[in-house]
J.: 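Just passing along the structure, written as structure tokens.
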2 protein chains.
Amino acid sequence: MSEKDKITEEKIFDAAVEEFEEKGMDGSRMQKIADRAGINKALLHYYYRSKDKLFQQVFDRLANKLLDRLLNCLDNDFPLEKKLKLFYMEHIRFMQKHPKMPAFIFHELNRNPERIQTVFNSERIRFLRENLFRQIDEEKSAGEIRNIDNLQLFINIIALSAFPFVARGLLESILKVNNIQFDDFIEARKTELPEFVINSVKMK
Amino acid sequence: MSEKDKITEEKIFDAAVEEFEEKGMDGSRMQKIADRAGINKALLHYYYRSKDKLFQQVFDRLANKLLDRLLNCLDNDFPLEKKLKLFYMEHIRFMQKHPKMPAFIFHELNRNPERIQTVFNSERIRFLRENLFRQIDEEKSAGEIRNIDNLQLFINIIALSAFPFVARGLLESILKVNNIQFDDFIEARKTELPEFVINSVKMK
DNA sequence: GTCTATAGAAGGATAGAC
DNA sequence: GTCTATCCTTCTATAGAC
């Protein structure tokens, strides 16, 4: 594949990412993707065959990116408190750079739950069980955190960081009334959230 | 309007609710709505003029229902701790009955943030400020809960209950690996969540 | 590899009979 | 009020020239 091919193919892919993230699979149009990429509609099919195949590639890449990031942020040997601080700092920073990604992934997964098979192998889930959950269990035994269901805790941690990006439309209109910028609200959460979770689970 | 009209109109509306909640505006088809309602496609237009108008009515009714429920659950004079217990109990129970509603509302609001104007007048926001926020402030002053930003706390409370319904596709595949039913996981949250929040904000 | 032109299917909407 | 038939636009996808 020549250098020029690569560039066109990537231009198309990047355009598709934008269009799909913004409109979703159902709301996206091949013509709009071609326009964004500055090329002809026929070229889309030359490179990616069909809308479905193009979408699948976009979805897989984004979902993997998000999941990788999530797991990487949790892959360290710090105690839970420090781990949470790092997690929220880095993970929120990531979502600030890709603010539409979470809503996109969740929406498409609800529309078509089987899609998850291409991203979400049990290998990655095992990572959670074996590392994060083991760590939580240890800190429970050491009497440092209270007894709480691991999975419930894990979902709570994710919910707190992801939700504002999923409910951005609603949140922004609430924030507007209170005269607050979405970005400022999110920025504050980098430190608010670890505090919120730690306070909830720490033995005192 | 005769009794029979009423019935047909409602049959159509109910069918539209199902289709739109499941597929979203972009993914829904007038023909499918007609099929669900057991009537002809032309009748849809007879009663509702266009897909857009039908969608708008469905969206408004659902969004209002969700928002009303939310605010009603918070409209009582109990202290924060008891209020939270009641809130999660009732609000989660509501979402169990309408599990697709939150994802639908949030998605459509992201696609088209202006839609919020028809639902979300500042009157309702004022309710929050004047009642819930005042109460939080009082409990802060009384030294019963720690100092935390009211809006951040409010969003956290909502995030924890709504997120599993928005991320259901992903969550279910995590739960499957752990051999847990979505319904059981949700049921447990009715008591897990108030505990989680209270522990986080209560002075000890 | 890239374009123009167009086929062909799908979906929203309406006309008109009953 | 409800149906059948059909119009017309939009969209995906392909054919074929360069």
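Side chains are part of it too, since the values below use all heavy atoms of this structure and drop only hydrogens, waters and symmetry mates. In what follows, chains are A, B, ... by sequence order, proteins preceding strands, each numbered from 1.
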J.: Whole Å only: how far is the CZ atom of A:F55 from the C1' atom of D:dC11?
T.: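 So the two atoms are 17 Å apart, to the nearest Å.
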
J.: Where do N or O atoms of nucleotides 3-6 of chain D meet protein N or O atoms at under 3.5 Å, pair by pair?
T.:
{"residue": "D:dC3", "atom": "OP2", "partner": "B:N40", "partner atom": "N", "Å": "3.1"}
{"residue": "D:dT4", "atom": "OP2", "partner": "B:N40", "partner atom": "ND2", "Å": "3.1"}

J.: Between A:E123 and A:R126, is there a side-chain N and carboxylate O pair less than 4.0 Å apart?
T.: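 Salt bridge: yes.
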
J.: Between D:dG1, C:dT2, C:dT14, which nucleotide gets closest to the side-chain atoms of B:R49?
T.: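 Closest of the options to the side chain of B:R49: C:dT14.
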
J.: Output the rounded distance in Å from CG (A:D52) to P (D:dC11).
T.: 17 Å

J.: Give the residues of residues 28-37 of chain A touching DNA chain C, defined as any heavy atom closer than 4.0 Å, sorted by residue number.
T.: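 Those residues: none at all.
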
J.: Strictly below 4.0 Å: does A:Y48 bring a side-chain N or O up to OP1 or OP2 of D:dA13?
T.: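 Checking A:Y48 against D:dA13: no side-chain N or O falls below 4.0 Å of OP1 or OP2.
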
J.: Quick one: do A:R168 and A:E172 make a salt bridge, cutoff under 4.0 Å?
T.: yes

J.: Measure CD/B:E10 against P/D:dG1 and give the value in whole Å, please.
T.: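 Nearest whole value for this atom pair: 15 Å.
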
J.: In plain terms, say whether A:K202 and A:E139 are close enough for a salt bridge, that is, a side-chain N and a carboxylate O under 4.0 Å apart.
T.: no

J.: Find the distance B:K51:NZ to C:dA13:P and express it as a whole number of Å.
T.: 8 Å

J.: Would you say A:H45 reaches D:dT14's phosphate, i.e. side-chain N/O to OP1/OP2 under 4.0 Å?
T.: no

J.: Which one of A:H98, A:R61, A:H91 satisfies the side-chain contact (heavy atoms from CB on, under 4.5 Å) criterion with A:L66?
T.: A:H91

J.: Indicate whether OP1 or OP2 belonging to D:dT2 is found under 4.0 Å from a side-chain N or O atom of B:T8.
T.: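 For B:T8, the contact criterion (side-chain N or O under 4.0 Å from OP1 or OP2 of D:dT2) is met.
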
J.: Figure out the CD1/C1' separation between A:I12 and C:dT2, and round it to whole Å.
T.: 10 Å

J.: Looking at B:K23 and B:E19, is there a salt bridge between them, counting it only when a charged N and a carboxylate O are closer than 4.0 Å?
T.: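 Salt bridge between B:E19 and B:K23, a charged N being under 4.0 Å from a carboxylate O: yes.
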
J.: Rounded off to whole Å, could you give me the OH-to-P distance for the A:Y46 and D:dA17 pair?
T.: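 Those two atoms, OH and P, are 17 Å apart.
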
J.: Quick one: do A:D26 and A:R111 make a salt bridge, cutoff under 4.0 Å?
T.: yes

J.: Could you check whether B:E195 pairs with A:R146 (Lys NZ or Arg NE/NH1/NH2 to Asp/Glu carboxylate O, under 4.0 Å)?
T.: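 Counted as a salt bridge, because a side-chain N and a carboxylate O are separated by less than 4.0 Å.
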
J.: Not counting sequence neighbours, which residues clear ring pair (Phe, Tyr, Trp, His ring centres under 6.0 Å) with B:F20? List them please.
T.: B:F55

J.: Does the ring center of A:F163 lie less than 6.0 Å from the ring center of B:F106?
T.: yes

J.: Within this structure, what is the CE-to-P distance between A:M25 and D:dC11, rounded to whole angstrom?
T.: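 Interatomic distance, CE of A:M25 to P of D:dC11: 14 Å.
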
